[in-house]
Amino acid sequence: LEVLAGQHFPVNGTLAGIVSISGSERAPEGHGSLNLTQATAWNESIKNLTIGFGGNGASIQTKVQLRMPAGTATADLTYAPKTGQYEAQVTSSGFKLEMLNSLQARNAGIAGTLTLTAKGQGTMQNPNLDATVNVADMAGRGQSIPEFHAQFGVANQHATIARSSR
């Protein structure tokens, strides 16, 4: 995969997959799945990463499922190359921040349980997105926040952010 992308990715593990693709760039057809197990990526442990996709000539549908010791996340994406339209949804719940090596490597001592929901649709030129992040029992650098909440929005090329904490 690195050769195809012309990039080096700090990822290792066991990769298995089946891919069948036909059609054109604007009318892709086919299906496939990739499964990465017993892996590390950017110094984070991954139990399982599964990517499934299918193209029907008009759109590409992709489903991603990630299982890490820190928590789980899922994503669903549909993209229509001819129109540039997309729909996306990402969810994660019960993600333990204290189990993320990338946060702990900075000696931040960050802990808490993260829940994320994000949903968007539109085009790359005019994206729309609504996302909510909640962190329960957030702690770091000697500070404690029982509940942190942030709301992000993008619509009509304008972004909004609101946050609250208790």
Side-chain angles (χ1 to χ4, degrees), residues 1-97 99-103 112-135 149-162:
L1 293 176
E2 287 181 336
V3 173
L4 289 173
Q7 301 263 333
H8 172 70
F9 302 107
V11 177
N12 64 48
T14 303
L15 178 66
I18 297 174
V19 176
S20 173
I21 300 173
S22 63
S24 67
E25 186 177 318
R26 293 182 53 86
E29 294 183 18
H31 63 277
S33 65
L34 297 173
N35 192 21
L36 179 66
T37 58
Q38 301 173 358
T40 59
W42 290 270
N43 295 320
E44 296 293 347
S45 179
I46 296 174
K47 292 179 180 179
N48 190 320
L49 172 65
T50 302
I51 303 170
F53 60 90
N56 60 14
S59 66
I60 303 165
Q61 299 81 33
T62 304
K63 182 169 187 75
V64 179
Q65 296 176 312
L66 173 66
R67 287 189 323 121
M68 299 173 63
T72 62
T74 61
D76 292 290
L77 172 67
T78 300
Y79 178 69
K82 287 181 185 174
T83 63
Q85 291 285 124
Y86 74 88
E87 288 184 28
Q89 183 170 335
V90 178
T91 58
S92 176
S93 62
F95 228 88
K96 303 290 185 191
L97 298 178
M99 294 182 74
L100 292 173
N101 295 328
S102 56
L103 290 178
T113 304
L114 181 133
T115 300
L116 165 75
T117 58
K119 190 171 187 175
Q121 63 183 16
T123 65
M124 293 302 188
Q125 293 75 26
N126 190 17
N128 291 290
L129 172 72
D130 289 307
T132 302
V133 176
N134 291 299
V135 182
H149 176 82
Q151 183 76 35
F152 304 91
V154 176
N156 300 317
Q157 300 181 349
H158 180 76
T160 59
I161 300 174

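The first residue of the sequence shown is numbered 1, and numbering continues consecutively from there.
In terms of modelled atom types and a separation under 3.5 Å, the side chain of S59 and the main chain of Y79 share no donor-acceptor contact. Using modelled atom types, one side-chain atom of R26 and one backbone atom of K82 make a donor-acceptor pair closer than 3.5 Å. A donor-acceptor pair under 3.5 Å is absent between the side-chain atoms of E29 and the main chain of S20, judged by distance alone. Judged by distance alone, with hydrogens and angles left aside, the side-chain atoms of N56 form a donor-acceptor pair with the main-chain N or O of A58 at under 3.5 Å. Side chain of T40 to backbone of N43: no donor-acceptor contact under 3.5 angstrom is found.
If you check the side chains of T113 and K96, you find a donor sitting under 3.5 Å from an acceptor. Looking only at atom types and distance, the side chain of T50 has a donor-acceptor partner in the side chain of N35 under 3.5 Å away. Checking T132 against Q151 by side-chain atom types alone, a donor-acceptor pair falls below 3.5 Å.
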Inset, instruction - Could you give me the CA-CA distance, side-chain angles and deciding distance for N126 and N156, then say whether side chain to side chain contact (heavy atoms under 4.5 Å, CB included) is met? - result: CA-CA 6 Å; N126 190 17; N156 300 317; 4.3 Å; yes
Inset, instruction - Using the side chain to side chain contact (heavy atoms under 4.5 Å, CB included) rule, take W42 and N101 through it: C-alpha gap first, then chi angles, then the decisive distance, then the call. - result: CA-CA 9 Å; W42 290 270; N101 295 328; over 6 Å; no
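The two residues P81 and I60 have their closest heavy-atom pair at CG-CD1, 4.3 Å. Listed here is the closest heavy atom pair of G17 and L34: CA-CD2, 3.9 Å. The shortest heavy-atom contact between L77 and A88 is CD1-CB, 3.8 Å. Here the closest non-hydrogen pair linking L129 and A118 is CD1-CB, 4.2 Å. Heavy atoms only, all atoms of each residue included: G71 and F95 are closest at C-CE1, 3.5 Å.
For the pairing with H149, the side chain to side chain contact (heavy atoms under 4.5 Å, CB included) check across N134, V135, T115, V133 returns one residue only, N134.
Of the inter-residue distances, the one linking Q38 atom CD with L15 atom CG reads 12.5 Å to the nearest 0.5 angstrom. In this structure, the separation between CZ on R67 and CD1 on I46 is 11.5 Å, given to the nearest 0.5 Å. A distance of 4.0 Å separates CG of D76 from NZ of K63, quoted to the nearest 0.5 Å. Rounding to the nearest 0.5 Å places CG of L36 at 7.5 Å from OG1 of T14.
In this structure, the side chains of S45 and M68 stay at 4.5 Å or more apart for every pair of heavy atoms.
In this structure, the side chain to side chain contact (heavy atoms under 4.5 Å, CB included) partners of S102, at least two apart in sequence or on a different chain, are E44, L100, R106.
Counted within 6.0 Å of NZ on K119, heavy atoms from surrounding residues, nucleotides or ligands total 12 or fewer; the atom is thus considered open. More than 12 heavy atoms of other residues, nucleotides or ligands sit less than 6.0 Å from atom CD of Q89.
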